[in-house]
Structure formats: structure tokens, C-alpha cells
S.K.: 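Please read through the structure below; I'll follow up with questions.
Starting from 1, each residue takes its place in the sequence as its number.
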Amino acid sequence: MSETGSKLIAQNKKARFNYTIEETYECGVVLEGTEVKSVKAGNMSFPDAFAEIQEGEVWVTGLHISPYPFSSVFNHDPDRKKKLLLHREEIKRLSRKVEEKGMTLIPLDVHLKRGRVKITLGVCRGKKQFDKRADIRERDIQRDMQREFKKGLNG
């Protein structure tokens, strides 16, 4: 993130490969107990994480936060559903977008902003196999161009 006071903790690289991101929202997340310390230590993963809207609230499922190793036996459940904090108008807008065919809510990254844990939520559309191949091809072309440019500079 380019904003001041923001530190990237984890990024969902698979989401950017498997989905086309239409829109992004920054939202807070309700954490309990030692989850905050565990997130700040980077002990989290979200390979199959997604968000869903239930009864006017947004919940993220599949976000795994490992138990904090230096805590007592009263630790949190690592795979519990976590509530996301958004304004009512944003939730209404998201629910309208998700009702469209093929749209889903995917957490893109987790970062700290002024000491608070935030999740960047993306309104995404799934990519087809040929779209993924085109992205790989484009990335290879860019890499080759950089290589040639660097070779030209070094002589």
C-alpha cells in the first residue's frame, strides 16, 4: 500500500491469478484474543478464502490464522468465520454486485493501518483457462523485454 502508516502483512497472489478484480474495498476485521498477535507475526494463510453476505453482514470464510505460540491454552479457533466491518451502504452495493452472475468476494491482502488489521476485499470475476494463459504469456514477454533492456544497458 502506498498510504502512510500502512504495512502489508500477507497477499493473496492466487486471487490475482485466478480472478479478474473489478473493484476493491478496504474493511476492518473482528479478531479475538491472540489472533491480532498472530496476524502481526504473519502466521496466516488464505488459499481458499472468500467472503459472503449473510443477513446484512459480511463474513470471510477460509482465512486461517494460526494459534499464537506464546499464549495460554485458551487459544482461538484458527478456521472460524471472521466478521468484516463495512458501512451499510457498502454492504448493499456489494450484495448487488455479488448477485450478478460470476461475481464473488475474495480477500486480496491483509495489512496494518494505524495499528489496526485491515483486509482488502475484491469484487472478482473468475478467469477462464485461456485468460490465465494470456496473463502468463504477457508476463513472459515483459520479462524478456526487461532482460533485453538490461543487456543493452550493460553492453
Side-chain angles (χ1 to χ4, degrees), residues 1-68 76-146 149:
M1 309 251 54
S2 63
E3 297 177 31
T4 58
S6 182
K7 177 186 171 193
L8 185 65
I9 296 173
Q11 192 171 20
N12 192 351
K13 294 179 182 173
K14 279 288 211 186
R16 297 187 190 281
F17 181 72
N18 291 331
Y19 299 97
T20 303
I21 300 159
E22 305 284 329
E23 213 174 326
T24 60
Y25 291 90
E26 182 182 68
C27 50
V29 61
V30 177
L31 299 175
E32 58 185 40
T34 56
E35 284 180 327
V36 177
K37 286 187 175 189
S38 191
V39 166
K40 286 183 178 181
N43 299 330
M44 60 176 305
S45 66
F46 39 113
D48 300 326
F50 64 95
E52 55 191 352
I53 301 171
Q54 297 173 347
E55 300 172 10
E57 295 178 335
V58 183
W59 296 85
V60 67
T61 307
L63 182 67
H64 178 84
I65 298 177
S66 300
Y68 189 63
H76 63 271
D77 177 25
D79 295 319
R80 73 174 184 87
K81 290 170 58 172
K82 287 132 189 97
K83 184 178 177 180
L84 298 180
L85 303 173
L86 288 160
H87 292 285
R88 190 175 295 123
E89 297 82 31
E90 289 177 327
I91 294 173
K92 286 179 186 176
R93 198 172 318 130
L94 282 174
S95 64
R96 282 195 299 269
K97 295 253 183 195
V98 172
E99 287 171 0
E100 292 179 27
K101 188 174 183 237
M103 300 297 270
T104 185
L105 298 173
I106 303 292
L108 301 176
D109 65 35
V110 177
H111 58 277
L112 285 175
K113 186 173 182 182
R114 295 189 208 110
R116 311 223 178 206
V117 178
K118 303 281 186 179
I119 291 181
T120 304
L121 196 64
V123 179
C124 304
R125 185 182 306 275
K127 284 185 184 176
K128 304 281 190 243
Q129 188 65 36
F130 63 86
D131 291 334
K132 294 178 188 178
R133 279 194 225 114
D135 284 350
I136 292 170
R137 191 176 310 117
E138 183 69 30
R139 197 168 45 220
D140 288 344
I141 290 170
Q142 288 292 330
R143 192 177 305 125
D144 290 341
M145 284 177 28
Q146 289 292 334
F149 183 70

S.K.: With a 3.5 Å distance limit and no angle check, can you tell me whether Arg125 reaches the backbone of Lys101 through a side-chain donor-acceptor pair?
M.R.: yes

S.K.: Does any part of the side chain of Ile136, heavy atoms only, come nearer than 4.5 Å to the side chain of Phe17, both counted from C-beta?
M.R.: yes

S.K.: Step by step, would you call Tyr19 with Thr104 a side-chain contact (heavy atoms from CB on, under 4.5 Å)?
M.R.: CA-CA 9 Å; Tyr19 299 97; Thr104 185; 3.9 Å; yes

S.K.: Evaluate the criterion side-chain contact (heavy atoms from CB on, under 4.5 Å) for residue pair Leu105 and Ile53; output intermediate values, then yes/no.
M.R.: CA-CA 9 Å; Leu105 298 173; Ile53 301 171; 4.2 Å; yes

S.K.: When you look at NZ of Lys97, are more than 12 heavy atoms from neighbouring residues, nucleotides or ligands closer to it than 6.0 Å?
M.R.: no

S.K.: Under a 4.5 Å cut-off applied to non-hydrogen side-chain atoms, are Val123 and Tyr25 in contact?
M.R.: yes

S.K.: Are the charged groups of Asp140 and Arg137 less than 4.0 angstrom apart, N to O?
M.R.: no

S.K.: Would Val29 and Val110 count as a side-chain contact (heavy atoms from CB on, under 4.5 Å) here? Give the steps.
M.R.: CA-CA 10 Å; Val29 61; Val110 177; over 6 Å; no

S.K.: Ignoring hydrogens, what is the shortest heavy-atom contact between Ala51 and Leu84? Give both atom names and the distance.
M.R.: CB-CD1, 4.4 Å

S.K.: Do Leu31 and Ile65 pass the side-chain contact (heavy atoms from CB on, under 4.5 Å) test, and can you show the C-alpha distance, the side-chain angles, and the key distance before you say yes or no?
M.R.: CA-CA 10 Å; Leu31 299 175; Ile65 298 177; 3.9 Å; yes

S.K.: Side chains of Val58 and Leu121, heavy atoms from C-beta outward: is any pair under 4.5 Å?
M.R.: yes

S.K.: Around Asp135, counting heavy atoms of other residues, nucleotides and ligands shown, do more than 12 lie under 6.0 Å from its CG?
M.R.: yes

S.K.: Phe50: which residues meet the ring pair (Phe, Tyr, Trp, His ring centres under 6.0 Å) condition with it, sequence neighbours left out?
M.R.: none

S.K.: Checking Leu85 now: which residues fulfil side-chain contact (heavy atoms from CB on, under 4.5 Å) with it, not counting sequence neighbours?
M.R.: Val30

S.K.: For the pair Lys113 (side chain) and Lys118 (backbone), establish whether a donor and an acceptor sit closer than 3.5 Å, ignoring hydrogens and angles.
M.R.: no

S.K.: Glu52 and Thr61: which non-hydrogen atoms are nearest, and at how many Å?
M.R.: OE2-OG1, 3.6 Å

S.K.: Taking NZ, NE, NH1 and NH2 as the nitrogens, is one of them in Arg80 or Glu32 under 4.0 Å from a carboxylate oxygen of the other?
M.R.: yes

S.K.: More than 12 foreign heavy atoms under 6.0 Å from NZ of Lys37: is that the case here?
M.R.: no

S.K.: Would you call Arg93 and Glu23 a salt bridge, using N to O less than 4.0 angstrom?
M.R.: no

S.K.: Would the distance check show the side chain of Asn43 and the main-chain N or O of Ser66 forming a donor-acceptor pair, the cut-off being under 3.5 Å?
M.R.: no

